Asks: 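Sharing a structure with you now.
For clarity, every value in this text was computed on a predicted model and none was experimentally measured.
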Amino acid sequence: MKRDALVIKDRDNVATAIRDIPAGHDAVVGIEQQSQTIRTLGEISLGHKFAVKAIASGEEVLKYNCVIGRATADIKAGE
């Protein structure tokens with residue numbers, strides 16, 4: 001199955017698009033040796049991040065198992 005995005009570490013709550021992904025697409029997200037499908041809620045451009053699970057306002061955004069920011073609003077999976 002061709003992947004659309006990658007999660008760097010299994011604890012991360014965002015994935016990075018490895019191609020342009022249209023809105024409403026069932027994106028295949030690679031997480032180490034596993035894959036999961038997440039419906040995108042908006043268009044995701046190559047290199048941009050989207051949530052792989054809900055992130056509450058104020059919650060840390062994790063990539064590379066490191067905090068890269070804090071959500072300023074609730075973020076739904078696929079946003």
Side-chain angles (χ1 to χ4, degrees):
M1 188 177 293
K2 193 172 185 179
R3 292 177 171 181
D4 299 298
L6 297 174
V7 169
I8 308 302
K9 300 285 185 180
D10 63 355
R11 190 170 163 245
D12 294 352
N13 55 13
V14 294
T16 303
I18 57 175
R19 61 180 46 83
D20 291 336
I21 307 171
H25 178 71
D26 287 331
V28 177
V29 179
I31 304 170
E32 296 181 356
Q33 302 304 317
Q34 307 282 325
S35 292
Q36 76 179 73
T37 302
I38 298 171
R39 168 95 22 124
T40 57
L41 301 181
E43 185 174 308
I44 312 293
S45 298
L46 169 70
H48 287 252
K49 294 174 287 303
F50 62 96
V52 294
K53 56 186 167 188
I55 303 172
S57 180
E59 188 177 342
E60 296 174 337
V61 177
L62 300 171
K63 182 177 177 183
Y64 301 109
N65 201 25
C66 295
V67 177
I68 62 166
R70 189 169 301 279
T72 60
D74 290 342
I75 303 169
K76 297 176 184 173
E79 284 188 301

Asks: Can you measure from CG (Leu6) to CD1 (Ile8) and round to the nearest 0.5 angstrom?
Replies: 6.0 Å
Asks: Could you state the interatomic distance from CD1 (Ile55) to CD1 (Ile75), rounded to the nearest 0.5 Å?
Replies: 4.5 Å
Asks: With side chains defined as the heavy atoms from C-beta onward, is the minimum distance between Glu59 and Asn13 less than 4.5 Å?
Replies: yes
Asks: What heavy-atom pair brings Ala56 and Ala71 nearest, and what distance separates the two atoms?
Replies: O-CB, 3.5 Å
Asks: Please list, chain by chain and in numerical order, all residues satisfying side-chain contact (heavy atoms from CB on, under 4.5 Å) with Lys76, sequence neighbours excluded.
Replies: Leu41, Glu79
Asks: Below 3.5 Å, can you tabulate the donor-acceptor pairs from side chains in residues 23-36 to any protein atom, sequence neighbours excluded?
Replies:
unit_1, atom_1, unit_2, atom_2, d
His25, NE2, Asp4, OD2, 3.2
Asp26, OD1, Arg39, NE, 2.7
Asp26, OD1, Arg39, NH2, 3.0
Asp26, OD2, Arg39, NH2, 3.0
Ser35, OG, Arg3, NE, 3.3
Ser35, OG, Arg3, NH2, 3.4

Asks: Can you name the nearest heavy-atom pair linking Ser45 to Ala17, along with the distance?
Replies: O-CB, 3.6 Å
Asks: Nearest heavy-atom pair of Gly58 and Arg70: which atoms, and what distance?
Replies: O-NH1, 2.8 Å
Asks: Just how far is it from atom OG1 of Thr16 to atom OH of Tyr64, taken to the nearest 0.5 Å?
Replies: 6.0 Å
Asks: Under the side-chain contact (heavy atoms from CB on, under 4.5 Å) criterion, do Ile21 and Glu43 qualify, and how do the steps go?
Replies: CA-CA 6 Å; Ile21 307 171; Glu43 185 174 308; over 6 Å; no
Asks: If you round to the nearest 0.5 Å, how far is CD1 of Ile44 from CD1 of Ile38?
Replies: 10.5 Å
Asks: Test Lys49 against every option in Asp12, Val7, Val61, Ile68 by the side chain to side chain contact (heavy atoms under 4.5 Å, CB included) rule and name the one that passes.
Replies: Ile68
Asks: Rounded at 0.5 Å granularity, tell me how far CG in Leu62 sits from NZ in Lys9.
Replies: 12.5 Å
Asks: Applying side-chain hydrogen bond (donor to acceptor under 3.5 Å, both in side chains), name anything that partners His48, two or more places apart in sequence or on another chain.
Replies: none
Asks: Closest approach of Thr40 and Pro22, non-hydrogen atoms and distance?
Replies: OG1-O, 2.7 Å
